[in-house]
Amino acid sequence: MENIINITLPDGSIKSVEAGSSPADIALSIGEGLLRSSVAARIDGVLIDLNTPINSDASIELITSRSEEAHDILLHSTAHLMAQAVKELYPDVKITIGPSIKNQFYYDFDLDYAFNDSDLEKIEIKMKEISKRNLIVNRLEFSRQEAIEEFTKLNEDYKVEIIEGISDDDRISAYRQGEFIDLCKGPHIPSTGKIKYFKLLSTSGAYWRGDEKNKMLKRIYGTSFFDKKALRAYLLMLEEAKKRDHRKLGKELEIFTFDEEVGPGLPLWLPNGATMVDELEKLAKSTERNAGYVQVRTPHLTKGILYERSGHLEHYKKDMFPAMDIDGTEYYVKPMNCPHHHKIYDAKKRSYRDLPVRLAEYGTCYRYEKSGQLFGLMRVRSMQMNDAHIYCTPDQFKDEFLAVCKMYSEYFEIFGIEKYQMRLSVHSKEGLGDKFVDEPELWEQTEKSVREALVEGKIDFVESVGDAAFYGPKIDVQVWSAIGKEFTLATNQVDFAIPSRFGLTYTDEHGKELTPLCIHRAPLSTHERFIGFLIEHFAGDFPLWLAPIQVIIIPVSEKYHTYANEVKDQFFNSEIRVEMDDRSEKVGAKIRLAEIRKIPVMLIVGEREMEEQTLSVRRRHEGDIGSFPLNLTIEELKSEIISKSRRYSE
RNA sequence: GCCUACAUAGCUCAGUGGUAGAGCACUUCCUUGGUAAGGAAGAGGUCACCAGUUCAAGUCUGGUUGUAGGCUCCA
């Protein structure tokens with residue numbers, strides 16, 4: 001009896017097998033097809049390889065190629081396959097790490113040679129060859145000392161460094177396929193022959209252990225799938241995503257441009273973009289007015305002493321443009337609006353009866369972003385923030401904080417933004433006194449109250465240590481660009497430090513002077529990033545209220561230009577953004593251009609319309625929807641604009 | 001900032017050391033049309049910039065600037 005063990009299957013049934021059977025044996029006993037589609041197994045909740053023997057009673061779950069976990073394992077195994085190919089082609093290479101990431105994998109190599117595109121092709125061919133060898137992937141286990149000896153022998157210094165960092169009592173595993181051995185926890189695909197549909201995508205540099213003080217390694221990214229169709233679909237998806245890229249659409253739709261003589265990261269808003277900025281500001285102003293904010297305006301330039309007081313020069317200087325000397329005094333362009341707003345708060349005596357004070361401004365700030373991190377409109381050096389600072393008592397904090405969170409969701413509702421993640425960024429102990437103001441207790445206390453507010457507001461969030469602002473924790477809304485870069489869109493930050501540095505106070509009901517809390521918030525981010533995001537979110541197909549050109553009049557021929565101009569004037573007088581296509585072109589050509597420009601409403605006017613005083617309405621994504629009286633059309637479009645309807649954006 | 005690649009007409013892109021090209025857009029003319037491209041002609045370039053190699057450089061080399069993909073950092 002001793003050599004029989006009981007294996008519990010996911011459906012609860014129990015299978016008795018010989019001790020030492022592997023998940024592969026168990027899969028085969030159920031069916032050959034199951035074995036074929038299995039890539040690993042979970043035994044009592046722990047992922048193991050298909051051929052690892054099981055020696056005692058356990059529950060089993062086979063990981064088949066359909067699951068996301070299986071895809072991760074495949075990606076990781078493909079990274080090993082690539083590393084093996086690179087090592088065969090470039091024997092001097094030292095391998096480092098090669099994990100799977102979302103739908104992709106990468107591997108970092110230390111090599112005195114830079115890979116180019118034709119090298120990627122060569123490596124891919126070598127990978128296919130190794131795949132055909134169908135090498136069995138074996139798990140090896142070492143003690144720490146054995147592992148160090150083994151990888152020292154292989155001359156893999158980086159692996160030795162990793163092992164040295166692993167705690168003493170752990171068994172160390174590695175995987176061997178043919179001549180290639182890689183330090184790895186596993187599990188892995190059982191043989192290289194199962195890795196068939198992959199593509200190497202790009203090369204880049206990457207610092208060893210992500211630290212810019214370390215050596216720059218050579219990284220190769222790639223992707224891999226279980227079947228050809230899925231690989232093709234993924235590559236197609238990457239191509240499609242590029243078409244939504246705001247840099248491409250922003251140029252095509254004449255929203256913004258950059259000019260070498262103006263400077264990197266300093267966008268120029270073209271008329272279409274300026275119109276959109278204006279619409280955003282109108283939205284923000286009315287929302288904030290209803291939420292009890294007041295508008296202020298402050299200069300772009302300020303004496304250094306203000307930023308000494310605020311702590312910016314201590315904690316934020318590397319992100320600021322260098323000082324300029326004006327009559328012997330140092331001035332800076334502002335990186336944030338808060339110090340100015342603090343001065344406005346401080347411009348008069350405040351009572352608890354005045355609080356909360358909510359000061360709003362779409363102030364333009366300038367930040368010295370490192371050249372390599374500029375990215376279209378999403379990451380720029382001059383930016384106009386949807387900024388406001390709320391000064392409140394500790395008692396008011398939770399309500400104010402949640403009101404800001406509510407404002408986010410109202411905005412997100414308007415734009416139909418559904419894919420985002422709330423992130424609570426807190427301080428790290430190591431950063432105290434450097435990256436963060438040195439107030440350990442206040443940090444803990446503030447972070448606690450923010451967490452409580454979030455829980456009370458039933459807001460789901462993830463936490464990120466070490467990403468707080470220098471003056472306090474923040475709640476960010478993370479979104480992803482068309483090509484998958486992550487960005488912080490909205491932000492909501494709590495400041496427990498700076499108001500006291502500015503000596504800000506309010507008089508409480510007992511006549512005592514107290515320091516207010518400050519909430520920094522930017523639910524619409526900056527105009528630059530928000531519009532960059534919206535371009536991609538809508539793929540340039542903006543809802544009517546936001547579209548730079550809302551309506552284009554298309555006369556069938558020159559004979560109807562007079563009527564078309566009358567129509568245009570009426571739309572113009574109704575404050576609808578209208579243009580007329582008076583080129584000597586056929587209707588089809590005018591429609592085509594309007595479609596390319598993604599103008600939501602096309603109005604065709606000819607003989608019939610002129611006689612009947614109507615318009616033939618063609619809407620993007622809908623086509624010809626029929627003829628309507630002029631006045632009715634204006635009314636309907638007006639109401640669509642006022643309601644901010646998203647007619648096509650789903 | 002670091003690694004790598006790229007930079008040719010307004011846009012998209014050909015052009016591997018020997019007279020600078022295409023399509024679209026633009027201008028003019030013809031055409032006056034009915035729901036995604038009517039026709040013809042014309043204009044448009046210091047091949048990003050600065051050096052160098054060469055009889056000769058868009059093409060080769062170096063530097064600068066800008067852009068792209070990453071790394072690091074962030075609204």
Side-chain angles (χ1 to χ4, degrees), chain A residues 106 108 114-117 119 201-221 242 245 247-248 251-252 254 257-265 316 318-319 335-336 365 367-380 383-387 425 435 467 469 474 476-479 483 485-491 493 520-530 532-533 554-561 583-596 602-609 616-620 622-625 627:
Chain A
Y106 67 81
D108 287 347
F115 300 115
N116 58 39
D117 286 355
D119 295 326
L201 297 171
S202 59
T203 59
S204 82
Y207 301 109
W208 167 235
R209 301 208 143 156
D211 188 335
E212 59 189 323
K213 289 184 206 82
N214 288 342
K215 185 163 183 187
M216 178 69 75
L217 306 168
K218 311 289 193 296
R219 175 174 295 183
I220 301 178
Y221 284 92
K242 281 188 197 150
D245 191 315
R247 293 167 299 181
K248 180 177 156 68
K251 188 186 267 182
E252 285 169 4
E254 298 183 8
T257 191
F258 288 94
D259 187 287
E260 211 173 302
E261 292 190 0
V262 174
Y316 203 74
K318 66 173 177 43
D319 296 297
M336 293 185 191
C365 297
R367 296 187 186 170
Y368 178 60
E369 301 290 347
K370 288 193 267 178
S371 60
Q373 51 211 30
L374 299 174
F375 180 75
L377 276 185
M378 302 284 215
R379 193 77 182 270
V380 291
M383 69 211 81
Q384 211 175 343
M385 304 223 246
N386 171 241
D387 212 357
S425 295
K435 202 173 161 192
D467 284 328
K474 56 180 186 168
D476 292 329
V477 177
Q478 299 301 113
V479 295
I483 59 168
K485 263 184 200 282
E486 183 177 322
F487 284 97
T488 298
L489 201 62
T491 186
Q493 313 178 347
H520 305 233
R521 42 111 280 177
L524 292 179
S525 185
T526 61
H527 291 338
E528 288 74 15
R529 186 171 289 178
F530 204 74
F533 172 78
I554 298 180
V556 172
S557 85
E558 251 167 57
K559 282 188 280 187
Y560 316 108
H561 276 196
R583 294 175 306 152
S584 161
E585 277 293 352
K586 297 217 259 187
V587 177
K590 294 183 185 181
I591 288 174
R592 179 166 189 273
L593 183 63
E595 290 282 353
I596 288 169
M602 289 160 242
L603 300 174
I604 290 115
V605 297
E607 188 72 32
R608 246 184 0 250
E609 290 78 9
S616 174
V617 181
R618 181 191 163 96
R619 305 236 10 182
R620 241 175 99 65
E622 291 174 51
D624 187 357
I625 59 170
S627 287

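A, B, ... follow the sequence lines: proteins, then strands. Residue 1 opens every chain.
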| RNA chain B: 5'-proximal contact among A:L374 and A:K474 (nearest heavy atom) | A:L374
| query | When you match A:E252 and A:M378 each to their closest nucleotide on RNA chain B, which lands nearer the 5' end? | reply | A:E252
Counting side-chain heavy atoms from CB outward, which of [options] is closest to [X]?
X      : options             : value
A:S202 : B:U35, B:G66, B:G69 : B:G69
A:R219 : B:A36, B:G33, B:G70 : B:G70
A:Y207 : B:G70, B:C71, B:G33 : B:C71
A:S616 : B:G33, B:G34, B:C26 : B:G34
A:R379 : B:A75, B:U72, B:G33 : B:A75
A:T203 : B:G70, B:U32, B:U4  : B:U4
A:E212 : B:C74, B:U72, B:G38 : B:U72
A:V587 : B:G33, B:A75, B:C3  : B:G33
A:I596 : B:A75, B:G33, B:A36 : B:A36

| Hey, which of A:I596, A:I554, A:D624 is the one that makes side-chain contact (heavy atoms from CB on, under 4.5 Å) with A:I591? | A:I554
Between [X] and [N], is there a side-chain N or O to OP1/OP2 distance below 4.0 Å?
X      : N     : value
A:K218 : B:G70 : no
A:R247 : B:A68 : yes
A:Y316 : B:C73 : no
A:Q493 : B:A75 : yes
A:K559 : B:G33 : yes

How far does the [atom1] atom of [N] sit from the matching atom of [M], given to the nearest Å?
N     : M     : atom1 : result
B:U12 : B:U72 : P     : 30 Å
B:U28 : B:U67 : C1'   : 37 Å
B:G17 : B:U53 : C1'   : 12 Å
B:U8  : B:C60 : P     : 15 Å
B:U19 : B:U64 : P     : 32 Å
B:U27 : B:A14 : C1'   : 25 Å
B:G23 : B:G15 : C1'   : 15 Å
B:G58 : B:U46 : C1'   : 11 Å

Test for a donor-acceptor pair under 3.5 Å between the base of [N] and the side chain of [X], counting only N and O atoms.
X      : N     : value
A:S584 : B:U31 : yes
A:Q373 : B:C73 : yes
A:E609 : B:G34 : yes
A:R529 : B:C74 : yes
A:E260 : B:A7  : no

| request: Give the C-alpha distance, both sets of side-chain angles, the deciding distance and a yes or no for side-chain contact (heavy atoms from CB on, under 4.5 Å) between A:N386 and A:R521. | output: CA-CA 8 Å; A:N386 171 241; A:R521 42 111 280 177; 3.7 Å; yes
Within the structure shown, what part of the strands sits under 4.0 Å from [X] by heavy-atom distance: base, sugar-phosphate, or nothing?
X      : value
A:G372 : base
A:K248 : nothing
A:T526 : base
A:S371 : base
A:E369 : base
A:K215 : nothing
A:G606 : base
A:M385 : nothing
A:K590 : nothing
A:Y221 : sugar-phosphate
A:V556 : base
A:L593 : nothing
A:A522 : nothing

Interatomic distance, [X] [atom1] vs [N] [atom2] [rounded to whole Å]:
X      : N     : atom1 : atom2 : result
A:Y106 : B:C71 : OH    : P     : 8 Å
A:L603 : B:U35 : CG    : C1'   : 12 Å
A:K242 : B:U12 : NZ    : P     : 15 Å
A:E486 : B:G69 : CD    : P     : 16 Å
A:E261 : B:U67 : CD    : P     : 13 Å

| request: Kindly compute the distance separating CE (A:M378) from CZ (A:F533), expressed to the nearest 0.5 Å. | output: 7.5 Å
| query | About how many Å separate CE of A:M336 and CD of A:Q493, when rounded to the nearest 0.5 Å? | reply | 7.0 Å
| request: Decide if atom CD of A:Q373 counts as having more than 12 heavy atoms of other residues, nucleotides or ligands within a radius under 6.0 Å. | output: yes
| Are A:M602 and A:K590 close enough that some pair of their side-chain heavy atoms sits under 4.5 Å apart? | no
| field | Dot-bracket summary - RNA chain B, pairs being Watson-Crick or G-U whose distances fall under 3.5 Å, with | when paired to another strand | value | (((((((..((((....[..)))).(((((.......))))).....(((((..]....))))))))))))....
| request: Indicate whether the side chain of A:T488 and that of A:Q478 have a donor and an acceptor atom separated by less than 3.5 Å. | output: yes
| query | Got a donor-acceptor contact below 3.5 angstrom from the A:R367 side chain to the A:P335 backbone? | reply | yes
| query | Quick check: does any side chain N or O of A:R529 sit under 3.5 Å from a backbone N or O of A:R379, one acting as donor and the other as acceptor? | reply | no
| request: Test A:Y560 against A:E609 for side-chain contact (heavy atoms from CB on, under 4.5 Å), laying out the working first. | output: CA-CA 9 Å; A:Y560 316 108; A:E609 290 78 9; over 6 Å; no
| query | Ion pair present between A:E212 and A:K370, side-chain N to carboxylate O less than 4.0 angstrom? | reply | yes
| query | Of all residues at least two apart in sequence or in a different chain, which pass the side chain to side chain contact (heavy atoms under 4.5 Å, CB included) check with A:N214? | reply | A:W208, A:R209, A:D211
